[in-house]
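Letters A, B, ... mirror the listed sequences (proteins, then strands); counts begin at 1. Only this structure's heavy atoms are used, side chains among them; waters, hydrogens and symmetry mates stay out.
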Amino acid sequence: MKIYDTLSLTLKELEGNNGKKLKMFVCGPTVYDKPHLGHAKTNIFFDVLAKFLRFKGFRVFYLMNVTDIDDKIISRANEEGRGWNDVVNTYSSSFFEIMKRLRVDSINYYAFATDYINEIIDQISRLQHKGLAYETNDGVYFSVRGFSDYGKLSHQSIDSLISGARISINENKKDPLDFALWKKRKPGEPYWDSPWGQGRPGWHIEDTAITESIFGPQYDIHGGGADLIFPHHESEIAQMEGVSGKVPMVNYWIHTGHLNVENVKMSKSLKNFVSPEDLLKRFWPEAIRIYLLSMQYRNPANYSEKGLIDGQIIAEKISLLKHRVKKYEPSVSDNSIQIINNIISPLENDMNTQEALVLINDFLKESLSIRDKSDKINGEINYVLNTIDEIFGIVHDAPLPDGAVDLILSARNEARKKGDFGTADEIRKKLGELGIRIEDSTEGSFLWW
RNA sequence: GGGUAGGUGGCAGAGCGGCUAUGCGCGGGACUGCAGAUCCCGUUUUAUUGGGGUUCGAAUCCCCACCUACCCUCCA
């Protein structure tokens, strides 16, 4: 497949021989607040990418870090008058909970920064020995002038980065772009012991310490939001390639475009964010996924409520079809495989999820238009839906207790036979309030949800 | 000032040299005890920011202009 690489600014071929291992790392959350829909956009995209790569036969190890020590966490703890650990527990649980509800379940391992303090210290020490880091009275800094490739990911020279910079002058730093590897302890702050005294790690170093200890100095895919290109990912390259001397640190840099609200980036500070938690009260997780996957992953997108409504409509169509065929044994056949290959083919071209969604829609239209299909065809449809769900996670199929469906239907049909439509309609209305739809047709009544 | 992406029908959003998606909305019809859902038809005959150019042929390639978002501070 082809995937766009930020470093080379080109579509790069990602060769796929069966069973090949892929090491994939995506920047996870800083757990100082609840996630917003922009986080969901990025995480759902990489979730689908990982699932698609696995479907293709790659053995993907998907690693995500969790930043659990940071200025924002400390200030949040002070604001709320509780320990930073408490803040971390609250918001990491919140993140995991939301991701689970959004069906983001492809991540193999979450690495918490504070579990890698030794590795971080070790990496900083090695940078220092190589002359790429220096100690000041408030911390240890990376010297960007010592790494000639600094700027290669964001396609900027060090000088042009400085000329447009809005960063405040820090007397301690040799160069304005030098960034903190280790921050020395201030009163009241959490700290760990280190060769430079008590303190805590900088932001960029935690990722390279984690990936080096789990993947080694080189790996395949590194993803994240576009806003992380500079300085975060740029600095990761400087640290890792600086320490190891091995280039490139990663083969594919994949970045997602931001979710905007009325053409302005969704962010906590602007208070223009939409919370997945609130959205989940009104929309199915599958609707949110469909909506987010209807966007080109690396273009900026504008949030629209209407898009979510569209997503919900499609999610319900898929669910309707699933409930029609779920009693048929999923059947693998040339036909079902051909349908699947057709649907996923656009993903080969830089993860064109929008086009895949169009093809899914064609499949839905085709499959929903004829009711009296053979058992074999229904089984094939069921198999296709299972595969679509495996890759995209968009088939809504929450279970009802065994026998509940038959009980409801027989009670209502009893009333209808007697001409008691008042009761029949009342049941339908109440079910609707519970999110369960009922469909009467010449072939009998049918429940779906 | 520098970097990276874009500007397509009422709206959302694809296509990236010829076949002019898709969804929503709107209008009509089929089916139904009624409703919803579903299905069919129409809305789509220059919809492709403006102006040049290349080509037999451009939304798609090139040039110029205008406009937008993001990044160069923490940020997915």
Side-chain angles (χ1 to χ4, degrees), chain A residues 4 6 9 26-30 32-33 35-46 67 70-72 75 151 153-168 176-177 179 203 223-232 234 255-260 262-270 290-291 294-296 298-302 304-314 316-317 319-321 324 346 349 352-362 364-365 367-371 416-417 419-422 424-425 428-429 432 437-442 446 448:
Chain A
Y4 189 83
T6 309
L9 301 180
V26 175
C27 284
T30 300
Y32 70 100
D33 207 342
H36 65 232
L37 195 61
H39 298 101
K41 177 177 184 284
T42 293
N43 283 293
I44 287 170
F45 169 73
F46 284 109
T67 301
D70 162 272
D71 292 353
K72 283 185 175 168
S75 63
L153 184 68
S154 51
H155 306 283
Q156 294 263 69
S157 68
I158 292 180
D159 292 328
S160 66
L161 281 165
I162 291 172
S163 70
R166 288 167 283 168
I167 43 179
S168 54
L177 290 178
F179 54 87
W203 179 36
D227 56 349
L228 297 182
I229 295 170
F230 188 90
H232 190 49
E234 193 73 72
H255 292 99
T256 54
H258 277 94
L259 192 59
N260 298 153
E262 285 164 11
N263 290 320
V264 179
K265 186 170 86 167
M266 181 180 290
S267 73
K268 293 284 177 183
S269 47
L270 293 171
I290 290 167
Y291 167 58
S294 75
M295 304 162 173
Q296 214 294 336
R298 57 191 169 86
N299 288 163
N302 248 317
S304 80
E305 175 101 11
K306 195 170 173 301
L308 278 162
I309 293 169
D310 286 4
Q312 181 67 30
I313 288 166
I314 294 169
E316 289 190 18
K317 277 192 194 183
S319 176
L320 170 64
L321 182 62
R324 281 189 187 170
N349 181 209
N352 188 338
T353 49
Q354 322 78 245
E355 183 65 14
L357 248 19
V358 167
L359 297 174
I360 288 171
N361 219 72
D362 288 347
L364 287 176
K365 200 165 193 169
S367 305
L368 285 167
S369 64
I370 312 161
R371 292 297 295 267
R416 292 175 75 215
K417 267 181 207 151
D420 181 5
F421 297 119
D425 290 354
R428 180 168 63 197
K429 187 162 166 271
R437 313 298 149 85
I438 193 158
E439 179 185 51
D440 296 323
S441 77
T442 47
F446 180 75
W448 59 286

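- D227(A) comes within contact range of at least one nucleobase, with a heavy-atom separation under 4.0 Å.
- Taking atom P in both C71(B) and C24(B), the straight-line distance is 34 Å, to the nearest Å.
- In this structure, N43(A) does not reach the A76(B) phosphate: none of its side-chain N or O atoms is under 4.0 Å from OP1 or OP2.
- Among the protein residues, D310(A) comes within range of the nucleic acid bases, having at least one heavy atom under 4.0 Å from a base atom.
- Atom CZ in R416(A) sits roughly 13 Å away from atom P in A35(B) (whole-Å rounding).
- Here H232(A) pairs with W203(A), H204(A) under the ring pair (Phe, Tyr, Trp, His ring centres under 6.0 Å) rule; sequence neighbours left out.
- Using a 4.5 Å heavy-atom cutoff, the side chains of E316(A) and R437(A) are in contact.
- Annotation: G9(B) and G23(B) have their C1' atoms spaced 13 Å apart (nearest Å).
- RNA chain B is contacted by both S294(A) and R437(A); S294(A) maps to the nucleotide lying nearer its 5′ end (nearest heavy atom per residue).
- Residue W448(A) comes nearest to S319(A) through the heavy atom pair CE3-OG, 3.9 Å, listed as atom of the first residue, atom of the second, then distance.
- As a whole-Å value, the separation of L359(A) CG from G23(B) P is 12 Å.
- Distances were taken from every side-chain heavy atom of D440(A) (C-beta onward) to each of C24(B), G33(B), C72(B); the shortest belongs to G33(B).
- The residue K317(A) sits close only to the backbone: its heavy atoms come under 4.0 Å of sugar-phosphate atoms, none of a base.
- Picking from U22(B), A5(B), U38(B) the nucleotide with the shortest atom distance to the side chain of D362(A) gives U22(B).
- Within the structure, a side-chain polar atom (N or O) of N352(A) is placed less than 4.0 Å from OP1 or OP2 of G15(B).
- Considering only the side chain of E355(A), A14(B) comes nearest among A14(B), A5(B), C24(B).
- Here G224(A) lies in heavy-atom contact (under 4.0 Å) with sugar-phosphate atoms only.
- Side-chain N/O atoms of R428(A) and base N/O atoms of C34(B) include a donor-acceptor pair closer than 3.5 Å.
- In this structure, H36(A) reaches the bases: a heavy-atom distance under 4.0 Å links it to at least one base atom across the strands shown.
- Separating the P atom of C74(B) from that of A58(B) is a span of 48 Å, rounded to the nearest Å.
- Distance check on atom C1': C16(B) versus G6(B) gives 14 Å, rounded to whole Å.
- Of the candidate nucleotides U38(B), A76(B), G23(B), U38(B) has the atom lying nearest to any side-chain atom of L320(A).
- Between the P atom of A5(B) and the CD atom of Q156(A) lies a distance of 12 Å, rounded to the nearest Å.
- One atom, CD1 of I313(A), and another, P of C39(B), lie 12 Å apart when rounded to the nearest Å.
- At distances below 3.5 Å, not a single donor-acceptor pair connects side-chain atoms of T42(A) with backbone N or O atoms of H39(A).
- Using a cutoff of 4.0 Å between basic side-chain nitrogens and carboxylate oxygens, D425(A) and R428(A) are scored as salt-bridged.
- Residue H155(A) is classed as a sugar-phosphate contact, given heavy-atom separations below 4.0 Å to backbone atoms only.
- Candidate nucleotides A76(B), C34(B), A69(B) were compared by shortest atom distance to the side chain of P300(A), and A69(B) ranks first.
- The residue S304(A) sits apart from the nucleic acid: no heavy atom pair falls under 4.0 Å.
- No donor-acceptor pair under 3.5 Å is formed between the side chain of K41(A) and the backbone N or O of G225(A).
- Among the nucleotides A14(B), C71(B), G33(B), the one closest to the side chain of Q354(A) is A14(B).
- Shown here for A424(A) and R416(A), the closest heavy-atom pair between the two residues is CB-CG, 3.4 Å.
- Of all nucleotides present, none satisfies the Watson-Crick or G-U wobble test against U32(B) with each distance under 3.5 Å.
- Using atom P as the reference point in both A69(B) and U8(B), the two lie 14 Å apart (nearest Å).
- If you take CH2 of W448(A) and P of U38(B), they are 7 Å apart, rounded to a whole angstrom.
- Residue P231(A) has its side chain nearest to U73(B) when only U73(B), A14(B), A76(B) are considered.
- Comparing U45(B) with U20(B), their C1' atoms are spaced 12 Å from each other, to the whole Å.
- When rounded to the nearest whole Å, the span between CG of N299(A) and P of C16(B) equals 14 Å.
- Across A76(B), G33(B), C74(B), the shortest atom-to-atom separation from the side chain of L228(A) is found for A76(B).
- Within the shown strands, C41(B) is the pairing partner of G27(B) under the Watson-Crick or G-U definition, both distances less than 3.5 Å.
- In this structure, A69(B) and U4(B) make a Watson-Crick or G-U wobble pair, each of the two defining distances being under 3.5 angstrom.
- Closest approach to the K306(A) side chain among U22(B), C11(B), U38(B) is made by C11(B) (side chain taken as heavy atoms from C-beta onward).
- I309(A) comes within 4.0 angstrom of no nucleic acid atom, judged by non-hydrogen atoms across all strands.
- If you check every strand for non-hydrogen atoms under 4.0 Å, I438(A) touches a base.
- Mapping F421(A) and S160(A) onto RNA chain B by nearest heavy atom places S160(A) closer to the 5' end of the strand.
- With C1' as the reference atom, G13(B) and G29(B) are 28 Å apart, rounded to whole Å.
- Among the nucleotides C70(B), G6(B), G33(B), the one closest to any side-chain atom of A424(A) is G33(B).
- Using a 4.0 Å cut-off, no side-chain N or O of Y32(A) falls inside it from OP1 or OP2 of C74(B).
- Under the Watson-Crick and G-U wobble criteria, each requiring two contacts below 3.5 Å, nucleotide C74(B) is left unpaired.
- Residue Q296(A) is classed as a sugar-phosphate contact, given heavy-atom separations below 4.0 Å to backbone atoms only.
- Across all strands shown, Y4(A) has heavy atoms under 4.0 Å from sugar-phosphate atoms exclusively, and none from any base.
- Look at K365(A) and you won't find any side-chain N or O under 4.0 angstrom from OP1 or OP2 of U38(B).
- Y291(A) and S304(A) get closest at one heavy-atom pair: OH-N, 2.9 Å.
- Counting non-hydrogen atoms under 4.0 angstrom, F230(A) reaches the backbone sugars and phosphates but no base.
- Using atom C1' as the reference point in both A14(B) and A21(B), the two lie 6 Å apart (nearest Å).
- Counting to the nearest Å, the C1' atom of A12(B) and the CD1 atom of I290(A) are 15 Å from each other.
- When all heavy atoms of K317(A) and L364(A) are compared, the pair lying nearest together is CB-CD1, 4.1 Å.
- Atoms CG (N361(A)) and P (U38(B)) sit 11 Å apart, rounded to a whole Å.
- The nearest pair of heavy atoms linking S160(A) to Q156(A) is OG-OE1, 3.5 Å.
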